[in-house]
Peer 1: 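Sharing a structure here in structure tokens format.
Counting starts at 1 for both ligands and their atoms, following the listed order.
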Amino acid sequence: MAKKLTYEELEQRVKELDKEAVEHRRMENSFREFCEIGKALSMERKIDKLLPVIMTGLSKVLEADRSTLFLVPWDQLTLWTRFAEGLDGESISLDLKMGLAGVCALTKEIVNIANAYEDPRFNRETDSVTGFRTESVLCAPLVNKLEGVIGVLELLNSKTGVFSREDEEKAFKSAALLADIDFSDDAQKGRANALVDDIRQATECQRGCVFLLNKEKGELRSVIGQGLGDREIRLSLSLGIAGLVAVTGEELNIQDAYADSRFDKSTDERTGYRTRDLLCVPIKNQSGDIIGVIEAINKKNGTFTGRDLDLLKGLSSQVAMFIENAILANDYHVQFMSILEVLAASIDAKDPLTANHSQKVNEYATGIARELGFREADIEILSVSALLHDYGKLGTNENILKKPGKLSPQEYEHIKQHAKNTRDILSRMYLIRQYRNVPLIASSHHERLDGSGYFQGLRDHEIHFMAKIIAVADVFDALTAKRHYRDALSSEAAFEILEQGIGTQFDENIVEALKKYWEKQRSQQIASTG
Ligand SMILES: [Fe+2]
């Protein structure tokens, strides 16, 4: 029999229950937030659209006023904001050796401070820039698979006053998830931003801008410019100060731009910015050729001095190195892709009827991926996998490949071997980190959602999503091209077959995306021929 409670005990129990209910509601709310984040993750692949959702979600879950994601370009010893609530998309960079986020990055440990202004390691500078008053701070490191710190998740001002142990745990787990996101494109952007920051700091100007020279087109193209957003500015070589510096290679210090006839006002008119004074120096590569120009615009106090000019010239060699590295990396990439294309073509050449098949599958697969909103870095991985998907046919008997009639069971088994061969051959290739899944993706293109495919008989969730894309692209091209055993089908007939396979063989969203891509291509073709 239950013990009879006294009135006091009863009152105590009610209080406890009340507390539990409040706690329960809090947990329910935070669960709902996590669901929202999950939903955003599944629908949106573009990181720039995702991050705001994730970060504001994290602020709510951790009951903080603000959250910031910093990335750490270690060669610069800075932290720069990849996303900061309340900063309106503007990016700031901070000295790694100053501030609590820096402490977190350097020690790889959680930093939980109740009152920032009482901590000597706190950097008050950011508050003075943003006008925000920091009280409590919680920082968690983003640690990647190689155990390196790539960034810091920072939460400011707990609504409950102080961040709890439980909050530390949540922040730690969230940071681990964020560390899985590939920010490699951004790392490059981060270094570029840091360079422009250097330009602004060194010369104490409002705006720094780097232009790259395109000799063939006779123009300068802005590659990085603080405060310009993602807008690209193109300048003709025959107009303006930057063009003049790019052509002559002589630096210029313009004290009053609008009074100088060489200054071209049209860019200001387009962007709504008012240039007062500017410094412009050429960027030269190691052979002394001009590859671009740097501009420092609007000195904060007074006008630019000779010392500013020397500082900017000093920076231009760093910028030159940065640009040359980027060009080199791009050259390697172009070379890598052209080798892959030749390899793919050599497989397609085994049979004249399948000429261009790999290239076509690549085109459809990347078209599908763009429709689905893939990031460029992921499209690359897909593209490499698509080009090489049939590479295992290297070991397939040509007579069987070209056989016009029905295949015998043994012959079919022989053909099926090519998927496994693709994996075995590609696994022997040295592929850099981001391409490590290529052998798996390429060799899974004959798997089916219901598990009846080959060579592993994988089921829906076991099949890499990119392999599902290649499967659809592969079948679509096979159906719409002539084969030894039948004529080419119309695209309508091919889509009908794909649709029949939805759920058992193909993913519905992928088939839909291919349809959209195909329709767009067709209307473009009609527009260009009509
Ligand atoms: Fe295949």
Peer 1: For a side chain to side chain donor-acceptor pair (under 3.5 Å) check, start with the C-alpha distance between Asn362 and Ser383, then their side-chain angles and the critical distance, and finish with the verdict.
Peer 2: CA-CA 6 Å; Asn362 178 30; Ser383 175; 3.0 Å; yes

Peer 1: Leaving out waters, which are not shown anyway, how many protein N, O or S atoms lie closer than 2.8 Å to the Fe ion (ligand 1)?
Peer 2: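 The number of such protein atoms is 4.
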
Peer 1: We want to know whether Glu363 and Tyr517 form a side-chain donor-acceptor pair, criterion being a heavy-atom distance below 3.5 angstrom.
Peer 2: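 Checked: Glu363/Tyr517 side chains pair up, N/O donor to acceptor below 3.5 Å.
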
Peer 1: Is the distance between the ring centroids of Phe336 and Tyr435 under 6.0 Å?
Peer 2: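 Distance test on ring centres: under 6.0 Å, yes.
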
Peer 1: With a 3.5 Å cut-off and no angle check, do the side chains of Ser67 and Ser59 form a donor-acceptor pair?
Peer 2: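 Side chains of Ser67 and Ser59: pair found under 3.5 Å.
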
Peer 1: Do His418 and His445 have ring centroids that are under 6.0 Å from one another?
Peer 2: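 Close enough - the centres of the two rings lie under 6.0 Å apart.
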
Peer 1: Output yes when Glu376 and Arg370 qualify as a salt bridge under the 4.0 Å nitrogen-oxygen rule, no when they do not.
Peer 2: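 Yes, Glu376 and Arg370 are salt-bridged.
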
